[in-house]
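Remarks on the structure that follows.
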Amino acid sequence: MTKRLDGRVAVITGAGSGIGLATAKRFAAEGAKVVCVDLDEERGAKAANEVGGLFIQADVTDEAAVEAMYQQAVDHYGSLDIAFNNAGISPPDDDSILTTGLEAWKRVQEVNLTSVYLCCKYAIGHMQRQGKGSIINTASFVAVMGAATSQISYSASKGGVLAMSRELGVQFAREGIRVNALCPGPVNTPLLQELFAKDPERAARRLVHIPLGRFAEPEEIAAAVAFLASDDSSFMTANTFLVDGGISGAYVTPE
């Protein structure tokens, strides 16, 4: 594997499982020094050990914790070159707007959108001092499409991540800081497995719309993140980077 990220320092939130864990492994394989951030101490520490990186336990909805985690990463490794703001939730009580309560709405917004705002806010300061950096924010294909099997707060939060990433990508482009929104399709992660185990019919309804006929594997999404983190994407910023198996381009799928 090429060492496109050799010597660069990457902070990954939600690094304990799914896309975050796969990306930690991919970044390390490409030569990066990886900081694994997770609320779950056991999973986060295990991920950091697997990639020879640093584990930081943090609640990414806590402003002081977010500021401190980036400072700790810089103090430990000397720079902040890549921020993959990936932590998120998709709880079962986030459903149709008709049934989703305000508390469920607020909780998803805090974890999925406010955390990305905080992570960008405090990552950008370090990157400004360096004059360069790549930020990748995990949005979703639902940020550009509508679903009748709604998760209203999740969809709205990811739309917010997409719009914020676009604006930051434009605002800080001439300071050498690139900000892109990663928009995965459904990924075979514990989060998705848990959601669909509770509602197989919902899973079947979604799978039929994917032209490739399957969910993505976390490693496939990690490869896209590595591209956005590397100089191979040096002319890309404020981008909606869809890795969705063709969902957003499909009118009908193959039989």
Given 3.5 Å as the limit, does a donor-acceptor pair link the side chain of Lys33 with the main chain of Ala28, or not?
no

To the nearest 0.5 Å, atom NZ of Lys158 lies from atom OG1 of Thr138 at 6.0 Å

Shortest non-hydrogen separation from Phe27 to Ala226 and the atoms involved:
CE1-CA, 3.7 Å

Within the 4.5 Å heavy-atom criterion, are Leu113 and Met164 side-chain neighbours or not?
yes

Regarding Gln151 and Ser90, do their side chains bring together a donor and an acceptor under 3.5 Å, going by distance alone?
yes

Is it true that a side-chain atom of Ser230 and a backbone atom of Phe227 form a donor plus acceptor pair closer than 3.5 Å?
yes

Would you check, one step at a time, whether the test side chain to side chain contact (heavy atoms under 4.5 Å, CB included) holds for Cys120 with Asn137?
CA-CA 9 Å; Cys120 288; Asn137 296 324; 3.4 Å; yes

Value for CH2 (Trp105) from CD1 (Ile97), rounded to nearest 0.5 Å, stands at 7.0 Å

Examine the side chains of Glu63 and Tyr122 and answer whether a donor and an acceptor come within less than 3.5 Å of each other.
yes

All heavy atoms of Gly52 vs all of Tyr77, minimum pair found to be O-OH, 4.2 Å

Is there side-chain contact between Met127 and Phe172, with at least one heavy-atom pair below 4.5 Å?
no

Go through it in stages, so that I can follow the logic: the residues are Lys132 and Asp231, the test is salt bridge (charged side-chain N to carboxylate O under 4.0 Å, His left out), and I'd like the CA-CA distance, side-chain angles, deciding distance and then a yes or no.
CA-CA 11 Å; Lys132 62 176 182 176; Asp231 291 342; over 6 Å; no

Asp40/Arg43 under salt bridge (charged side-chain N to carboxylate O under 4.0 Å, His left out): CA gap, chis, key distance, verdict:
CA-CA 6 Å; Asp40 187 312; Arg43 290 193 307 186; 3.5 Å; yes

Joint hydrophobic cluster, Val111 plus Met69, side-chain heavy atoms closer than 4.5 Å
no

Here the pair of heavy atoms bringing Ser248 nearest to Met145 is CA-SD, 3.5 Å

Sub-4.5 Å side-chain heavy-atom contact between Ile82 and Ile136
yes

Ser153 and its side chain to side chain donor-acceptor pair (under 3.5 Å) partner, picked from Lys106, Gln109, Arg107:
Gln109

Residue pair Ser115 / Ala87: nearest heavy atoms and the distance that separates them:
OG-O, 4.3 Å

Quick check on Gln130: does its CD atom have over 12 non-hydrogen neighbours (other residues, nucleotides or ligands) under 6.0 Å away?
yes

OH/Tyr117: more than 12 non-hydrogen atoms of other groups inside 6.0 Å
no

Given 3.5 Å as the limit, does a donor-acceptor pair link the side chain of Asp81 with the main chain of Ser134, or not?
no

Interatomic distance, Asp38 atom CG to Gln57 atom CD [nearest 0.5 angstrom]:
8.5 Å

Crowding at NZ, Lys121 (>12 non-hydrogen neighbours, <6.0 Å)
no

Is there a path of hydrophobic side-chain contacts, each under 4.5 Å between heavy atoms of I/L/V/M/F/W/Y residues, joining Val51 to Val225?
yes

With the 4.5 Å side-chain cut-off for hydrophobic clustering, are Phe55 and Val34 part of the same group?
no

Do the side chains of Tyr154 and Ser140 get nearer than 4.5 Å, heavy atoms only?
yes

Looking at Val108, is its backbone amide N or carbonyl O close enough to the side chain of Ser157 to form a donor-acceptor pair, meaning the two atoms are under 3.5 Å apart?
no

Leu182 CG to Phe84 CZ distance, which is reported to the nearest 0.5 Å:
5.5 Å

Distance check, rounded to the nearest 0.5 Å: Ile247 atom CD1 versus Cys183 atom SG?
11.5 Å

Given side chain to side chain contact (heavy atoms under 4.5 Å, CB included), test Asp94 with Ile152 step by step and report yes or no.
CA-CA 6 Å; Asp94 178 20; Ile152 188 63; 3.7 Å; yes

Would a single hydrophobic cluster contain both Val37 and Leu118, if residues Ile, Leu, Val, Met, Phe, Trp and Tyr are joined by side-chain heavy-atom contacts under 4.5 Å?
yes

Is a donor from one side chain sitting under 3.5 angstrom from an acceptor on the other, for Asn180 and Asn239?
no

Can you confirm whether Val187 sits close enough to Ile19 that some side-chain heavy atom of one is under 4.5 Å from a side-chain heavy atom of the other?
yes

Which heavy-atom pair separates Ile56 from Ala73 by the least distance, and what is that distance?
CD1-N, 4.4 Å

Check whether any side-chain heavy atom of Thr240 sits under 4.5 Å from a side-chain heavy atom of Arg166, and report yes or no.
yes

Would you give the length of the straight line joining atom OG1 of Thr61 to atom CG of Asn112, rounded to the nearest 0.5 angstrom?
11.0 Å

Side-chain heavy atoms of Val179 within contact of Ser165, under 4.5 Å:
yes

Thr100 side chain to Asp95 backbone, donor-acceptor under 3.5 Å
yes

Which donor-acceptor pairs under 3.5 Å do the side chains of residues 207-221 make with protein atoms, sequence neighbours left out?
{"residue": "His209", "atom": "NE2", "partner": "Arg205", "partner atom": "O", "Å": "3.4"}
{"residue": "Arg214", "atom": "NH1", "partner": "Glu220", "partner atom": "OE1", "Å": "3.0"}
{"residue": "Arg214", "atom": "NH2", "partner": "Glu220", "partner atom": "OE2", "Å": "2.8"}
{"residue": "Glu217", "atom": "OE2", "partner": "Asn188", "partner atom": "ND2", "Å": "3.3"}
{"residue": "Glu220", "atom": "OE1", "partner": "Glu217", "partner atom": "N", "Å": "2.8"}

Which atom pair, heavy atoms only, marks the closest approach of Gly44 to Cys36?
O-CB, 4.1 Å

Are Ile135 and Val11 linked, directly or through other ILVMFWY residues, by side chains that come within less than 4.5 angstrom of each other?
yes

